[in-house]
Amino acid sequence: MKQYLDLCQRIIDEGSWVSNDRTGKRCLTLINADLEYQVGKNEFPIITTRKSFYKAAIAELLGYIRGFDNAADFRALGTPTWNANANENQAWLNNPHRKGEDDMGRVYGVQGRAWAKPDGGSIDQLKKVVDNLSKGIDDRGEIISFYNPGEFHMGCLRPCMFQHQFSLLDGTLYLNSYQRSCDVPLGLNFNQIQVFAFLAIMAQITGQKAGVAYHKIVNAHIYEDQLDLMENVQLKREPLASPQLKINPKIKSLEDLETWVTMDDFEVIGYEHHDPIQYPFSV
Ligand SMILES: Nc1nc(=O)c2c([nH]1)NC[C@@H]1CN(c3ccc(C(=O)N[C@@H](CCC(=O)O)C(=O)O)cc3)CN21
Ligand SMILES: O=c1ccn([C@H]2C[C@H](O)[C@@H](COP(=O)(O)O)O2)c(=O)[nH]1
């Protein structure tokens with residue numbers, strides 16, 4: 001929690017104003033932040049200075065794992081977070097590749113599970129990594145990349161957390177996640193949980209011991225209409241103790257994640273938090 005608050009304060013103290021054409025808003029922006037999560041020690045990096053809807057964050061991750069390309073599937077799993085990008089952004093609504101209501105196009109999970117090969121067929125990046133890690137193999141390329149510039153025009157948004165690399169060292173599993181663009185008040189609240197949970201889940205289904213997750217953020221920003229709430233409400237609050245994430249131990253394979261797992265299989269034990277804050281969202 002402290003590293004999150006320190007990043008917010010750094011943006012306020014050292015950030016520069018940048019105008020953003022896509023949203024038509026200005027952002028207070030900082031380049032480069034490195035966050036670390038102790039997954040092996042189960043120090044769950046959930047925000048306590050406001051109420052965090054952590055189940056929605058995990059539902060997003062599960063949707064990426066399942067290769068979803070539709071905001072309705074995300075809603076059914078328990079998160080409304082893709083509704084606006086699928087249905088309210090004019091550039092995407094005008095895009096001939098959009099297949100109708102709720103379609104997100106070839107984003108995140110589609111790239112992770114079905115990266116199109118130029119010579120036909122597709123690549124399931126996630127399955128390859130799971131299969132290797134389950135056998136104790138780290139070929140120094142256990143990478144899941146969502147960043148496919150050749151298909152940006154076929155999706156509603158370029159991926160923000162665009163790459164995850166797993167490493168096995170001395171019987172411990174590590175994760176390095178890379179994020180090109182981060183809405184710190186809204187997105188990072190979810191992204192921290194997702195990086196942590198991704199390592200915890202992958203360790204569990206591959207039978208490895210979880211270690212540390214390293215989260216690199218390049219462009220970290222606060223939108224102009226979020227700044228007052230961050231500076232004068234959230235940063236005035238005292239953080240509370242970090243809780244633990246409990247994942248149903250019956251989840252043992254990628255197939256389990258693809259079929260029967262729901263948000264009931266994830267619980268945060270002892271989550272104390274301050275009141276919710278509703279930050280404005282930019283589409
Ligand atoms: N501007 C922007 N910021 C983002 O963080 C973001 C995007 N766009 N587009 C794609 C995804 C969608 N994500 C989202 C979208 C909405 C919330 C949000 O409204 N969160 C609320 C509660 C949501 C709920 O009720 O479950 C929050 O208070 O955290 C968070 C992340 C993260 N990403
Ligand atoms: O997981 C996510 C997804 C999105 N975001 C934020 C970061 C930016 O504020 C927008 C995306 O806008 P771009 O113009 O494509 O950079 O969404 C996030 O923080 N986390």
Side-chain angles (χ1 to χ4, degrees), residues 4 7-8 11 15 18-31 33 35 46-64 68-71 74-92 102 104-105 107-109 111-112 146-149 152-153 155-164 177-198 215-227 229-230 233-234 263 266 271 273-283:
Y4 178 82
L7 173 58
C8 296
I11 297 175
V18 176
S19 50
N20 175 255
D21 288 344
R22 197 182 63 77
T23 56
K25 291 186 191 169
R26 289 187 320 143
C27 293
L28 196 53
T29 305
L30 187 87
I31 302 302
L35 306 181
I46 193 168
I47 283 167
T48 59
T49 48
R50 74 177 178 101
K51 184 174 184 189
S52 174
F53 299 91
Y54 68 89
K55 290 218 178 199
I58 295 175
E60 256 193 16
L61 174 67
L62 193 57
Y64 301 150
F68 287 173
D69 66 354
N70 194 287
F74 279 90
R75 275 200 302 281
L77 210 48
T79 181
T81 46
W82 280 96
N83 295 352
N85 288 105
N87 297 319
E88 290 169 28
N89 181 281
Q90 202 54 49
W92 178 237
D102 287 323
M104 296 158 58
V107 294
Y108 291 87
Q111 303 298 347
F146 302 135
Y147 209 72
N148 187 349
F152 284 166
H153 63 292
C156 66
L157 197 73
R158 294 166 301 166
C160 292
M161 272 212 293
F162 65 91
Q163 184 168 286
H164 303 275
S177 296
Y178 299 86
Q179 183 161 1
R180 66 169 177 85
S181 171
C182 184
D183 174 346
V184 172
L186 274 180
L188 188 50
N189 168 38
F190 277 27
N191 296 140
Q192 297 195 106
I193 290 172
Q194 290 162 347
V195 172
F196 182 99
F198 200 17
H215 184 181
K216 159 80 79 187
I217 298 167
V218 178
N219 185 305
H221 50 264
I222 299 175
Y223 286 91
E224 56 188 325
D225 51 7
Q226 299 170 326
L227 187 59
L229 281 172
M230 177 56 78
V233 181
Q234 193 167 359
M263 287 316 105
F266 300 89
Y271 180 34
H273 55 79
H274 290 266
D275 288 344
I277 299 176
Q278 270 203 321
Y279 280 105
F281 177 80
S282 299
V283 187

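Indexing begins at 1, ligand by ligand and atom by atom, following the structure's order. In this chain, residues are counted from 1 in sequence order.
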Taking atom 20 (N) of ligand 2 as the reference point, the nearest protein heavy atom with its distance: Asn191 OD1, 2.8 Å
Close approach, Tyr279 and ligand 1, non-hydrogen under 4.0 angstrom: no
Using a heavy-atom cut-off of under 4.0 Å, does the side chain or the backbone of Val283 touch ligand 1, or both, or neither? neither
Atom 16 (C) of ligand 1 sits nearest the protein heavy atom Thr81 CG2, 3.4 Å
Consider every N or O of Arg22 and every N or O of ligand 1, then say whether any pair is closer than 3.5 Å. no
Using heavy-atom distances, let me know which of Phe74, Tyr108, Phe53 sits nearest atom 25 (O) of ligand 1. Phe53
Heavy atoms, side chains only, cut-off 4.5 Å: are Met263 and Thr79 in contact? no
Heavy atoms, side chains only, cut-off 4.5 Å: are Ile31 and Val218 in contact? yes
Looking at Arg26 and Glu224, does any basic side-chain N land under 4.0 Å from a carboxylate oxygen? yes
Report the part of Tyr64 in contact with ligand 2, treating N, CA, C, O as backbone and CB onward as side chain, heavy atoms under 4.0 Å; options are side chain, backbone, both, neither. neither
Give the residue and atom name of whichever protein heavy atom lies nearest to atom 26 (O) of ligand 1, and the separation in Å to one decimal. Ala56 CB, 3.5 Å
Could you check whether any side-chain heavy atom of Met230 comes within less than 4.5 Å of a side-chain heavy atom of Tyr279, counting everything from C-beta outward? yes
Relative to the ring of Tyr271, is the ring of His273 parallel (under 30°), tilted (30 to 60°) or perpendicular (over 60°)? tilted
Just heavy atoms, cut-off under 4.0 Å: does Asn85 contact ligand 1 by side chain, backbone, both, or neither? side chain
Specify side chain, backbone, both or neither for Phe190, according to which of its non-hydrogen atoms lie closer than 4.0 Å to ligand 2. neither
For atom 33 (N) of ligand 1, decide whether some protein heavy-atom distance is shorter than 4.0 Å. no
Heavy atom of the protein closest to atom 23 (C) of ligand 1 (residue, atom name, distance): Phe190 CZ, 4.3 Å
Please report the closest heavy-atom contact between Cys156 and Val107, naming both atoms and the distance. N-CG1, 3.8 Å
Would you call the rings of Tyr147 and Phe162 parallel, tilted or perpendicular if under 30° counts as parallel and over 60° as perpendicular? tilted
Looking only at protein heavy atoms, identify the closest one to atom 19 (O) of ligand 2 and say how far it is in Å. Asp183 N, 2.8 Å
Of all the heavy-atom pairs spanning Asp225 and Pro280, show the shortest one and how long it is. O-CG, 3.2 Å
Residue portion contacting ligand 2 (non-hydrogen atoms closer than 4.0 Å) for Met161: neither
Distance to 0.1 Å, residue and atom name: give those for the protein heavy atom nearest to atom 10 (C) of ligand 2. Arg22 NH2, 3.7 Å
Are Trp82 and Asn70 side-chain neighbours, meaning at least one heavy-atom pair lies under 4.5 Å? no
For Gln226, the option from Ser282, Cys27, Pro185 that meets side chain to side chain contact (heavy atoms under 4.5 Å, CB included): Pro185
Side chain, backbone, both or neither: Gln278 near ligand 1, heavy atoms under 4.0 Å: neither
Is Gln194 close enough to touch ligand 2? Criterion: a residue heavy atom under 4.0 Å from a ligand atom. no
Distance from atom 19 (O) of ligand 1 to nearest protein heavy atom, with residue and atom: Leu186 CD2, 4.1 Å
Distance to 0.1 Å, residue and atom name: give those for the protein heavy atom nearest to atom 7 (C) of ligand 2. Ser181 OG, 3.4 Å
Proximity to ligand 2 by part of Val184, non-hydrogen separation under 4.0 Å: neither
Heavy atom of the protein closest to atom 7 (C) of ligand 1 (residue, atom name, distance): Phe281 CE1, 3.5 Å
Within the 4.0 Å heavy-atom cut-off, what Thr79 brings close to ligand 1 is neither
State, yes or no, whether a side-chain contact exists between Gln234 and Tyr4 at a heavy-atom distance under 4.5 Å. yes
Any heavy-atom pair between the side chains of Tyr178 and Arg180 that's under 4.5 Å? no
Check whether any side-chain heavy atom of Leu188 lies under 4.5 Å from a side-chain heavy atom of Ile217, and answer yes or no. yes
Considering non-hydrogen atoms of the protein only, which is the closest contact for atom 5 (N) of ligand 2, and what is the distance? Cys160 SG, 3.5 Å
Gly187 to ligand 1: N or O pair under 3.5 Å? yes
For ligand 2, note which part of Arg180 has a heavy atom under 4.0 Å away: side chain, backbone, both or neither. side chain
Are side-chain heavy atoms of His215 and Phe196 found at a separation under 4.5 Å? no
For atom 11 (C) of ligand 1, what is the closest protein heavy atom, and at what distance to 0.1 Å? Trp82 CZ2, 3.9 Å
